[in-house]
Amino acid sequence: MTTTPGAGPEPVTPTADLTKAPLPTMRTLRARRSLPVQAGRFALINARMMRMVLKGHH
C-alpha cells in the first residue's frame with residue numbers, strides 16, 4: 001500500500017450549520033430557569049410515563 005506524501009486525514013466538516021438557528025427569547029430563557037415551571041414540567045412528564053406504564057399492564 002502506498003501513500004501520497006502530505007496526504008493526511010481529510011478536514012473535519014461540521015455535521016450541521018447552526019449559524020442561522022433561531023435564538024430563544026428572554027421569555028423562553030426565563031421559563032427555562034424558573035423552578036416552578038421546571039417542577040410542573042417534571043410532574044407532567046412523570047404523569048405521562050405513569051399513564052403509559054399503567055396502560056401497558058392490563
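Only heavy atoms go into these numbers, but all of them, side chains included; no hydrogens, no water, no symmetry mates.
- In the hydrophobic clustering, where aliphatic and aromatic side chains (Ile, Leu, Val, Met, Phe, Trp, Tyr) are joined below 4.5 Å either directly or transitively, Val37 stands alone.
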If you look only at distance, which donor and acceptor atoms sit under 3.5 Å apart when one is on a side chain in residues 44-52 and the other is two or more places apart or in another chain?
| residue | atom | partner | partner atom | Å |
| --- | --- | --- | --- | --- |
| Asn46 | ND2 | Phe42 | O | 3.3 |

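- Partners of Thr19 by side-chain contact (heavy atoms from CB on, under 4.5 Å), not counting sequence neighbours, listed by chain and number: Asp17.
- Atoms CD and CZ, on Gln38 and Arg33 in that order, are 11.0 Å from each other to the nearest 0.5 Å.
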